[in-house]
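What follows is one structure encoded as structure tokens, with my remarks underneath.
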Amino acid sequence: MFKIISKTIGVINQSIAAIGITAGVAVAFTNVVARYAFDASLVWATELTIFLFLWSVFFGAAYCFKKDAHIAVTVILDIMPSRIAKIMLLISHLVTFVFLATVAYFGYEYLLLVIDLDERSIDLWDMPMWIIYLVVPVSFAFAAFRVGERIHTILSTSHDKILQESEAEQVLAGMGMGAKENEDNKNVQELNKMVKEVEKKTGGML
């Protein structure tokens, strides 16, 4: 059941993020062409573009929780014993979950208020604004679900295996130069040492 829900959320996040950014660019481009080529700006284009980008960003951010793609500075975790690092990672994700769930809840409360006030868009053909604001409770609820999955993974994973490779190591692995697969390659080992030094100086944000 949870796998079905997870897959469904993933499809929704990806689809809305992709469609939103594509449609937003298309509308913005059309409006620019209409303005400068035909001297006929589309009144509704600006507001629609903003809303499309808004939906794309929010659902794209929710999808990033699935891929663990949000920026994270792990310099402290890297120097901690694995048991302590696991606890710190768990606390971090619990705080994130509480924050996302809280925003989702109050976003829903605000949505009800907008429905009661019958707020509508002036430019977008009198569209009810609750449709636009729906992005907040839904996307944050999806993100909270993803973080909940991550918490479950942390709890069920041994402390010595919980920390992922650093971003730099992932890049090297993608290039076929991972240290684990090329321990006998002296040049690669030296390159990895250089990467570690750079990570120390940049706080892990290479």
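Because the structure is predicted, anything quoted here is derived from the model rather than measured.
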Quiz item: Side chains of Tyr110 and Val136: does their closest heavy-atom pair fall under 4.5 Å?
Solution: no

Practice problem: Dump the intermediate steps for side chain to side chain contact (heavy atoms under 4.5 Å, CB included) on Thr46 and Asn31, then the final yes or no. | Solution: CA-CA 8 Å; Thr46 300; Asn31 191 36; 4.1 Å; yes

Exercise. State whether the side chain of Thr30 and the backbone N or O of Ala26 hold a donor-acceptor pair below 3.5 Å, judged by distance alone.
Key: yes

Practice problem: Work out which heavy atom in Ala62 is nearest to a heavy atom in Arg146; give both atom names and the distance. | Solution: O-CG, 3.9 Å

Quiz item: Is any side-chain heavy atom of Phe99 closer than 4.5 Å to a side-chain heavy atom of Val95?
Solution: no

Quiz item: Linking I/L/V/M/F/W/Y whenever any side-chain heavy atoms sit under 4.5 Å apart, do Val98 and Tyr105 land together?
Solution: no

Self-check item: Side chains of Glu119 and Pro128 in contact at under 4.5 Å (non-hydrogen atoms)
Solution: no

Exercise. State whether the side chain of Ser56 and the backbone N or O of Gly20 hold a donor-acceptor pair below 3.5 Å, judged by distance alone.
Key: no

Quiz item: How about Leu117: does its CG atom have over 12 heavy atoms from other parts shown lying under 6.0 Å from it?
Solution: yes

Exercise. Among Ile50, Leu48, Leu54, find the one that has a side chain to side chain contact (heavy atoms under 4.5 Å, CB included) with Leu52.
Key: Leu48

Quiz item: Any side-chain heavy atom of Phe97 within less than 4.5 Å of one from Arg150?
Solution: no

Quiz item: Residues in side chain to side chain contact (heavy atoms under 4.5 Å, CB included) with Tyr108, at least two apart?
Solution: Leu112, Pro137

Exercise. Without swapping roles, check the side chain of Arg120 against the backbone of Asp126 for a donor-acceptor pair under 3.5 Å.
Key: yes

Quiz item: For the atom pair CZ (Phe142) and CD1 (Ile12), what is the distance rounded to the nearest 0.5 Å?
Solution: 4.0 Å

Quiz item: How many angstroms lie between CD1 in Ile131 and CG in Leu111, if you round to the nearest 0.5 Å?
Solution: 10.0 Å

Quiz prompt | From CH2 (Trp130) to CG (Asp116), nearest 0.5 Å | solution = 13.0 Å

Quiz item: Are Ile151 and Leu90 close enough that some pair of their side-chain heavy atoms sits under 4.5 Å apart?
Solution: yes

Quiz item: Shortest non-hydrogen contact from Lys86 to Leu155?
Solution: NZ-O, 3.8 Å

Exercise. Flag yes if Leu94 and Ile87 sit in one hydrophobic cluster, no otherwise; membership is Ile, Leu, Val, Met, Phe, Trp, Tyr, and two members link when side-chain heavy atoms are under 4.5 Å apart.
Key: no

Self-check item: By ring-ring contact (aromatic ring centres under 6.0 Å, His included) - contacts of Trp55 (at least two apart)
Solution: Phe59

Practice problem: Compare every heavy atom of Phe58 with every heavy atom of Ser139, then report the nearest pair and how far apart it is. | Solution: OG-CD2, 3.4 Å

Quiz item: After noting the C-alpha distance and the side-chain angles of Phe53 and Val25, does the key distance pass the side chain to side chain contact (heavy atoms under 4.5 Å, CB included) rule?
Solution: CA-CA 9 Å; Phe53 282 157; Val25 170; 4.1 Å; yes

Practice problem: Quick one: closest heavy-atom pair of Val11 and Ser15, and the distance? | Solution: O-OG, 2.7 Å

Exercise. State, to 0.1 Å, how close Val147 and His93 come at their nearest heavy-atom pair, and which atoms those are.
Key: CG1-O, 3.3 Å

Exercise. Taking all non-hydrogen atoms of both residues into account, name the closest pair between Ala141 and Ala104 and its distance.
Key: N-CB, 3.7 Å

Quiz item: Any side-chain heavy-atom pair from Ile9 and Tyr63 closer than 4.5 angstrom?
Solution: no

Quiz item: Side-chain heavy atoms under 4.5 angstrom apart, residues restricted to Ile, Leu, Val, Met, Phe, Trp, Tyr: same cluster for Leu134 and Ile132?
Solution: yes

Exercise. Could you please spell out the steps behind the side chain to side chain contact (heavy atoms under 4.5 Å, CB included) verdict for Ile5 and Phe145?
Key: CA-CA 10 Å; Ile5 295 175; Phe145 178 84; 3.9 Å; yes

